[in-house]
Amino acid sequence: MKKNHIGKIEYNKEIAKDTYKLVISSDVKEIKAGQFISIYCENKTLRRPFSVADFKDGDITVLYKLKGDGTHYIKNLNENDKIDFLAPLGNTFNFENVNSALLIGAGIGIAPMLFLKKELDKNGIKNHLISGFKDALEVVEGSNQVVIGGSVLDEIENAVEKIKPDIIYSCGPSIVLKLVSEFGIKNNIKTQIAMEKVMACGIGVCRGCIIELKNGKNASVCKDGPVFLGDAVQW
Ligand SMILES: Cc1cc2nc3c(=O)[nH]c(=O)nc-3n(C[C@H](O)[C@H](O)[C@H](O)COP(=O)(O)OP(=O)(O)OC[C@H]3O[C@@H](n4cnc5c(N)ncnc54)[C@H](O)[C@@H]3O)c2cc1C
Ligand code: FES
């Protein structure tokens, strides 16, 4: 499948503090929740990876937090500008045989959770999305429950009690993913987590994004992931 695409920017605006929504129209045929795209930023050798927050008829939505040169370059792109990216990359969340799901997004980790929520809704799967942000100015809309200042993890137990999920999906900083995975193991609930790792090639070639699994094998976050079973990762 063709991976390199040149799209056109339809929308690129700040939607919360230092958080931008980027919509690219493209010839990409299919992207599923969990997958990501990798954007070429002028004068940068390494492309920058971003989860897909929505996909419809070739329009790809990304939510990005301003960080360094790459994200500042993207911020300065205008409507109708061309944008060079690789897509779709990585694997997907799996919701086969799931009846009820709890979704946890910490910070900009909400991005793939919004896409997953939409897919679960479309498939009639009961779900509840909790998102957490450092302060009120950073809140991105779209969750069932927003935690400001505190930890999303403090809300897991109550939510599990209420919606009795068969699975917990999560994306966010590594420490959140580790704790969600440990919560799943302790309470006998499956977990699927979307991991972040600094990437170079983005397509499984350079071995720069390797993590260790409990079975002793290595896995690349860009090709074998970014979605892993929480209990399979060696934290
Ligand atoms: C699978 C995946 C999905 C992601 N999804 C999102 C998203 O939806 N929204 C969002 O805001 N950010 C996301 N990130 C993080 C995003 O890729 C980095 O914030 C971005 O690359 C920073 O680039 P920069 O040039 O602005 O910053 P710099 O700090 O200047 O980047 C320097 C280098 O580090 C790499 N890098 C820095 N931070 C990260 C990081 N956390 N993860 C991976 N590479 C990093 C960059 O690619 C670059 O090579 C994701 C990362 C991965 C791996
Ligand atoms: S970034 Fe090259 S193998 Fe993952």
Might you point out which heavy atoms bring Phe93 and Met113 nearest each other, and give the distance in Å?
CZ-CE, 3.5 Å
Does anything in residues 45-61 form a side chain to side chain donor-acceptor pair (under 3.5 Å)? List the pairs, not counting sequence neighbours.
Arg47-Asp84, Asp54-Lys118
For the side chain of Lys3 and the backbone of Pro88, is there at least one donor-acceptor N/O pair under 3.5 Å apart?
yes
Salt bridge between Asp135 and Lys17, side-chain N to carboxylate O under 4.0 Å?
yes
Face-on cation placement of Lys75 at Tyr73 ring, 6.0 Å and 45° thresholds:
no
Check ion pair Lys178-Glu182 (N to O, under 4.0 angstrom):
yes
May I ask you to decide if Asp27's main-chain N or O and Lys29's side chain share a donor-acceptor pair within less than 3.5 Å?
yes
If you apply the rule side chain to side chain contact (heavy atoms under 4.5 Å, CB included), what do you find for Val180 with Ile156, and how did you get there?
CA-CA 9 Å; Val180 166; Ile156 285 197; 4.1 Å; yes
Heavy-atom donor-acceptor pair, Ser38 side chain to Leu86 backbone, under 3.5 Å
no
When you measure from the side chain of Asp224 to the backbone of Ala219, do you find a donor-acceptor pair of N or O atoms at a distance under 3.5 Å?
no
Is it the case that Lys65 places NZ or CZ above or below the six-membered ring of Tyr20, under 6.0 angstrom from the centre and within 45 degrees of the axis?
no
I'd like to know if the side chain of Asn127 and the backbone of Leu103 have a donor-acceptor N/O pair within less than 3.5 Å.
no
Can you tell me if Asn123 uses its side chain to pair, donor with acceptor, with the backbone of Ile125 under 3.5 Å?
no
List the atom of Tyr64, the atom of Asn12, and the distance in Å for their closest heavy-atom pair.
OH-OD1, 2.8 Å
With Ile104, the side chain to side chain contact (heavy atoms under 4.5 Å, CB included) member among Ile168, Val147, Leu129
Ile168
Would a 4.5 Å heavy-atom cut-off, applied to side chains only, mark His72 and Leu66 as touching?
yes
Val140 side chain near Leu63 side chain, heavy-atom distance below 4.5 Å
yes
Is any side-chain N of the basic residue among Lys162 and Glu155 closer than 4.0 Å to the acidic one's carboxylate O?
no
Does Gly184 offer a backbone N or O that forms a donor-acceptor pair with the side chain of Asn187 under 3.5 Å?
no
Begin from the C-alpha positions of Ile211 and Lys197 and carry the test side chain to side chain contact (heavy atoms under 4.5 Å, CB included) through to its verdict.
CA-CA 9 Å; Ile211 59 162; Lys197 200 87 179 28; 3.9 Å; yes
Can a donor-acceptor pair be found, under 3.5 Å and without considering hydrogens, that links the side chain of Glu119 to the backbone of Ala33?
yes
Side-chain heavy atoms under 4.5 angstrom apart, residues restricted to Ile, Leu, Val, Met, Phe, Trp, Tyr: same cluster for Leu102 and Phe183?
yes
Do the charged groups of Lys44 and Asp69 touch, with an N to O distance under 4.0 Å?
yes
Candidate pair Val23 and Ile9, rule side chain to side chain contact (heavy atoms under 4.5 Å, CB included), full reasoning
CA-CA 6 Å; Val23 183; Ile9 295 187; over 6 Å; no
